[in-house]
Amino acid sequence: MKRTHHCNQLRVEHIGQQVTLTGWVHSRRDLGGIIFVDVRDREGRTQVVFDPSQLPPDVFARAAALRSESVVSVTGLVRRRPPGTENPKLASGEVEVVAQELEVLNAAEVLPFPIDDPAETAKVSEELRLKYRYLDLRRPEMIRNLRVRHKAAAVTRAYMDEQGFIEIETPTLFKSTPEGAREFIVPSRLNPGLFYALPQSPQQFKQILMVAGIEKYFQLARCYRDEDLRADRQPEFTQIDIEMSFVTRDDIYALIEGLLQRIWKEVLGVDIPTPFPRLSFAEAMNRFGTDKPDRRFALELVDLTDTFRHSQFKVFSDAVAAGGVVKAINAKGFSSATQSQVEAMTEMAKAAGMKGLAYIKVEGGQWKSPIVKFFSDGEKATLASKLGIDEGDLILFAAGPWEPVCELLGRLRLYAAQALAQAGMLRIPADQYDFIWIEDFPLLSFDKENNRWYSSHHPFTAPLPEDIPLLRTEPKKVRGQHYDIVVNGIELGGGSIRIHQPELQKLIFEEILQIPPDETKLRFGYMLEAFKYGAPPHGGIALGFDRLVAILCGTQSIRDVIAFPKTAKGTCLMTDSPSTVSPRQLKELHIEVKAPKAGA
RNA sequence: GGGGGUGUAGCUCAAUUGGUUAGAGCGCUGCCCUGUCACGGCAGAGGCUGCGGGUUCGAGCCCCGUCACUCCCGCCA
């Protein structure tokens, strides 16, 4: 039963040897007098021939009764396939194994969905694939994804080790912290009424490790966030978590550039150039309308504030007078936009707080637009030159406060690019990797509803030293030493240089973020105290490992690179979790359930 | 919390827009077949059209509700 070779190993040099293969019945072709069975394991496939003239009847009968995905052990002789019957699609296609013995180790029932045809299986609903994940994972594509994931992890560990980093595990039973993502809560049996929280990141532990003198820490850390899911967001996920002492931003950039270069080289064989370009948050917003620009295509935002400052078109000039901006993008060639596409874009504008969507379609040499009649000849000329307007273009405008205007046009830019790409009018190369650093984020954002400032990143982010004096006077002008790494419009990770002075940290918590002193002490007291006993300046970063692997695998959803992912509602279709627990368990945990019984 | 999409045979999809007995390919079962690799041929089984209500002479199709999956917004320090 023990295998002598795996199923992608046998070649012409093995001809004449007796071998044993173990694996799954990939497919059976029963020609009546002769039966072919492809045996598959994780490495590949080999054709086995059952010839009744050379076999005991019971062995042949077992072969005739084999079903797809039964697990078998086959012993036989390797021989060259007869001339003309070689299969060039199979790596082992020059040879075949002439069966002598067959043992069925586990007979499979009829499968809920086919897994032998990649094209067919790719169409099977994800719901079914998740319920029978063990079948889904048998597909070569899925095994490949898991291998890419493993390889990326292995390369990361090797690289970080070479760079002098120590991998340290931190608790997953942590403490609830205010602010930030919603947490998963774990009741404490030994401490009635008290709760742990699963960490949304090892942030505080890794900073404490810097105080502990570790200097260079990393971890492939599991993190948990009880927020709504997306194609690129799971409630539990993995990040490459890194922290270093005595560093500046440039040290982190160089480290990560080296890491990503190494991963891309060893996993994909692709050379990516370093250093990565850097873009300020302000410039990214101004040019791309997002803090994670996809620069593989143009369609950049153009500022028209000065052009329309004194325009007769009041919607624009009023917006400028109110301190806002006027911006536009030229969706080259998108005058072909359908009615429903224009409606979709108008909905996006309304969702962004605009009254509607101002646009110009350039068709038949005409500017077709409800608003162009309000423009002076000078304004039209400026538009034409600034936007490079040609036949077939679609110009989309937005006017109002800077940030919403940029964000709206950023979304419209992506929408137009996607539509143009689908129509074959724009090529967004999938094999191009545009890495970019975004930096100089505002340290603080204002929450109008609660009338208070909150951290754009997290409250441990250090302000730029020259901006510290502005903290009390002009908080919105303070830039943080925060940075994001972006590739092809995907936020791959982010980090910052941290605050290491307890006074400054206390000031941020209590004066800027308005967290009451007793609350600060309760939640972060141990950190503030730790910083009193010799805290080195430090900084770090975390990369979304699932996203990174998804990019390496060229897949849209991180579910494709996680062995057992959750659905959009956070359930596991295979194990049927979450589920109810027994009254006894609840009692031990001092928990009383008030929610109506879930639909079990 | 909000918006969009999907749900018909084991799987992937049709069903002339409300009309007779809901079809096809693959898979499955049986028979035939000694060089197939998407094997082929013949025959057959297989349906609470996600679920519950409603409108109608009549509903897979229209309406209301609900469940599941999915995409997006909010949310994700």
Side-chain angles (χ1 to χ4, degrees), chain A residues 26-38 45-54 60 64 67-68 81-90 92-93 96 98 109-132 135 177-183 199-201 203-204 223-235 237 340 343-344 347-348 350-352 407 411 414-415 443-445 447 453-461 480 482 491 494 496 508-509 513 515 523-524 544 556-557 559 566-569 571 573 598-599:
Chain A
H26 185 77
S27 66
R28 192 192 75 218
R29 295 174 294 282
D30 186 343
L31 276 62
I34 189 168
I35 299 170
F36 298 97
V37 171
D38 284 356
R45 275 149 61 183
T46 299
Q47 173 167 284
V48 178
V49 195
F50 292 86
D51 184 340
S53 66
Q54 302 175 34
F60 190 77
R67 253 206 289 254
S68 284
R81 291 197 186 193
T85 67
E86 302 88 353
N87 185 354
K89 290 187 205 161
L90 233 52
S92 62
E96 61 192 6
V98 184
E109 294 193 5
V110 175
L111 302 176
F113 59 89
I115 68 170
D116 57 337
D117 184 342
E120 278 301 304
T121 313
K123 290 194 288 183
V124 173
S125 75
E126 193 173 8
E127 194 174 352
L128 209 59
R129 290 172 46 206
L130 288 174
K131 181 171 180 189
Y132 300 96
L135 295 179
T177 52
E179 298 198 87
R182 189 179 299 115
E183 298 161 318
Q200 34 187 308
S201 89
Q203 182 63 36
Q204 293 171 50
C223 307
Y224 307 85
R225 294 182 187 173
D226 188 8
E227 298 289 351
D228 286 3
L229 285 71
R230 290 283 192 285
D232 62 351
R233 276 167 28 189
Q234 283 273 307
F237 61 99
S340 68
E343 273 170 27
E347 283 307 310
M348 290 161 73
K350 286 180 179 166
E407 283 175 358
R411 275 177 195 172
L414 288 181
Y415 181 88
L443 183 74
L444 301 159
S445 308
D447 179 357
W453 293 93
Y454 63 95
S455 298
S456 304
H457 181 44
H458 61 52
F460 315 111
T461 303
H482 171 59
E491 184 191 328
S496 61
I508 297 274
F509 279 145
L513 301 178
I515 303 174
R523 300 299 176 191
F524 302 111
Q556 298 295 312
S557 165
R559 290 188 299 271
K566 304 279 192 290
T567 68
K569 269 187 102 179
T571 65
L573 295 177

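Just so it is clear, the values below take in all heavy atoms, side chains as well, and ignore hydrogens, waters and symmetry mates. Convention: sequence-line order gives letters A, B, ...; per-chain numbering from 1.
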**OP:** Would you mind telling me which of rC37(B), rU34(B), rC76(B) lies closest to the side-chain atoms of T85(A)?
**Re:** rC37(B)
Subject >> Separation of the C1' atoms in rA9(B) and rA15(B), to the nearest angstrom >> reply: 14 Å
**OP:** Identify whether any heavy atom of A181(A) sits under 4.0 Å from a base atom; if not, whether one sits that close to sugar-phosphate; answer base, sugar-phosphate or nothing.
**Re:** sugar-phosphate
Original post:
So which one's nearest nucleotide on RNA chain B is more toward 5', P52(A) or A568(A)?
Top reply: P52(A)
Original post:
In terms of ring plane angle, is the pair F524(A) and F509(A) parallel, tilted or perpendicular, where the classes change at 30° and 60°?
Top reply: parallel
**OP:** State whether a side-chain donor-acceptor pair under 3.5 Å links Q47(A) with R29(A).
**Re:** yes
Subject >> Whole-angstrom distance between rU8(B) and rG3(B), as gauged at atom C1' >> reply: 26 Å
**OP:** Among rG74(B), rU70(B), rU36(B), find the nucleotide with the atom closest to the side chain of R230(A).
**Re:** rG74(B)
Subject >> Closest to the K569(A) side chain, choosing from rC71(B), rU36(B), rC69(B) >> reply: rC69(B)
**OP:** Write down the distance separating the P atoms in rG30(B) and rC71(B), rounded off to the nearest Å.
**Re:** 40 Å
Original post:
Taking atom P in both rU16(B) and rG27(B), what distance in whole Å separates the two?
Top reply: 28 Å
Subject >> C1'-based separation of rU12(B) from rC28(B) [nearest Å] >> reply: 16 Å
Original post:
With a centroid cutoff of 5.5 Å and a plane-angle limit of 30°, would you call F113(A) stacked on rC11(B)?
Top reply: no
**OP:** Would you indicate what E347(A) reaches in the nucleic acid, counting non-hydrogen atoms under 4.0 angstrom: base, sugar-phosphate, or nothing?
**Re:** nothing
Original post:
What is the distance, rounded to the nearest whole Å, between atom NZ of K123(A) and atom P of rG27(B)?
Top reply: 13 Å
**OP:** Could you give the distance separating rG46(B) and rG23(B) at their C1' atoms, to the nearest angstrom?
**Re:** 13 Å
Original post:
Partner of rC37(B) by Watson-Crick or G-U wobble geometry, both contacts under 3.5 Å, or none?
Top reply: none
**OP:** Kindly point out which of rG10(B), rG74(B), rG35(B) is positioned nearest to the side chain of P112(A)?
**Re:** rG10(B)
**OP:** Side chain of D228(A) only, please: which of rG1(B), rG35(B), rC71(B) is the nearest?
**Re:** rG1(B)
Subject >> rG58(B) and rG18(B), which share atom name C1', separated by this distance in whole Å >> reply: 8 Å
Original post:
Between the side chains of T177(A) and E183(A), is a donor N or O closer than 3.5 angstrom to an acceptor N or O?
Top reply: yes
**OP:** Look at the side chain of R29(A) against the base of rU34(B) and say whether a donor-acceptor pair falls under 3.5 Å; ignore hydrogens and angles.
**Re:** no
**OP:** Mind checking R129(A) for me? I need base, sugar-phosphate or nothing, with any heavy atom below 4.0 Å counting as a touch.
**Re:** nothing
Subject >> N or O in side chain of K89(A) less than 4.0 angstrom from rA38(B) OP1/OP2 >> reply: yes
Original post:
Does the T121(A) side chain pair with the main chain of P114(A), one donor and one acceptor, at a distance under 3.5 Å?
Top reply: yes
Original post:
Expressed in angstrom and rounded to an integer, what is the separation of E127(A) atom CD from rC67(B) atom C1'?
Top reply: 11 Å
Original post:
Touch check for E96(A), heavy atoms < 4.0 angstrom, all strands: base, sugar-phosphate only, or nothing?
Top reply: base
Original post:
Atom CZ of R28(A) to atom P of rU34(B): distance rounded to whole Å?
Top reply: 15 Å
**OP:** Among the candidates rC69(B), rC76(B), rU36(B), find the nucleotide nearest to the side-chain atoms of Q47(A).
**Re:** rU36(B)
**OP:** Starting from C1' on rG10(B), measure out to CG on D116(A) and report it in whole angstrom.
**Re:** 14 Å
**OP:** Quick one: label R233(A) by what it contacts on the DNA or RNA (base, sugar-phosphate, nothing), any heavy atom closer than 4.0 Å.
**Re:** base
Original post:
In whole angstroms, how far is the C1' atom of rA38(B) from the CG atom of L90(A)?
Top reply: 14 Å
Subject >> Closest nucleotide among rG35(B), rC37(B), rC69(B) to the N87(A) side chain >> reply: rC37(B)
Original post:
Roughly how far, to the nearest 0.5 Å, is NZ of K131(A) from CD of E126(A)?
Top reply: 15.5 Å
Original post:
Using a cut-off of 4.0 Å on non-hydrogen atoms, how would the nucleic acid contact of R559(A) be classed: base, sugar-phosphate, or nothing?
Top reply: sugar-phosphate
Original post:
Mind checking whether L229(A) and P235(A) have side chains closer than 4.5 Å, heavy atoms only?
Top reply: yes
Subject >> Pairing partner of rG27(B) (Watson-Crick or G-U wobble, both distances under 3.5 Å) >> reply: none
Subject >> D30(A) CG to rG35(B) P, straight-line distance once rounded to whole Å >> reply: 12 Å
**OP:** Answer with base, sugar-phosphate or nothing: what part of the nucleic acid does I35(A) contact at a heavy-atom distance below 4.0 Å?
**Re:** nothing
Original post:
Does a side-chain N or O from S68(A) land closer than 4.0 Å to OP1 or OP2 of rG27(B), or not?
Top reply: no
**OP:** Could you grab the distance from atom SG of C223(A) to atom CD of Q234(A), nearest 0.5 Å is fine?
**Re:** 13.5 Å
**OP:** Return the nearest nucleotide to the side chain of A231(A); candidates are rC73(B), rG10(B), rC71(B).
**Re:** rC71(B)
Original post:
Taking syn as any angle within 90 degrees of 0 and anti as the rest, which one fits rU17(B)?
Top reply: syn
Original post:
Are any of R225(A)'s side-chain N or O atoms less than 4.0 Å away from OP1 or OP2 of rC75(B)?
Top reply: no
Subject >> Minimum-distance nucleotide (side-chain atoms of S27(A) versus rA68(B), rG35(B), rC39(B)) >> reply: rC39(B)
Original post:
Counting side-chain heavy atoms from C-beta on, which of rC75(B), rU36(B), rU12(B) comes nearest to S125(A)?
Top reply: rU12(B)
Original post:
Looking for any heavy atom pair under 4.0 Å, which part of the strands does T571(A) touch: base, sugar-phosphate only, or nothing?
Top reply: sugar-phosphate
Subject >> Atom pair OG (S68(A)) and CZ (R28(A)), whose distance is rounded to the nearest 0.5 Å >> reply: 7.5 Å
Original post:
In the strands shown, is rA68(B) matched to any nucleotide by a Watson-Crick or G-U wobble pair with both distances under 3.5 Å, and which?
Top reply: rU6(B)
Original post:
Between rC39(B) atom C1' and D38(A) atom CG, what is the distance in whole Å?
Top reply: 12 Å
Original post:
Paired with rG47(B) by Watson-Crick or G-U wobble geometry, both distances under 3.5 Å: which nucleotide is it?
Top reply: none
Original post:
Does a side-chain N-to-carboxylate-O contact under 4.0 Å join E227(A) and R233(A)?
Top reply: no
Original post:
Can you tell me if the side-chain N/O atoms of T121(A) get under 4.0 Å from OP1 or OP2 in rU12(B)?
Top reply: no
Subject >> Span that lies between the P atom of rA14(B) and that of rC57(B), in whole angstrom >> reply: 31 Å
Subject >> Paired nucleotide for rG74(B) [Watson-Crick or G-U wobble; both distances under 3.5 Å] >> reply: none
Original post:
Rounded to whole angstrom units, what separation is found between the CG atom of L128(A) and the P atom of rG50(B)?
Top reply: 16 Å
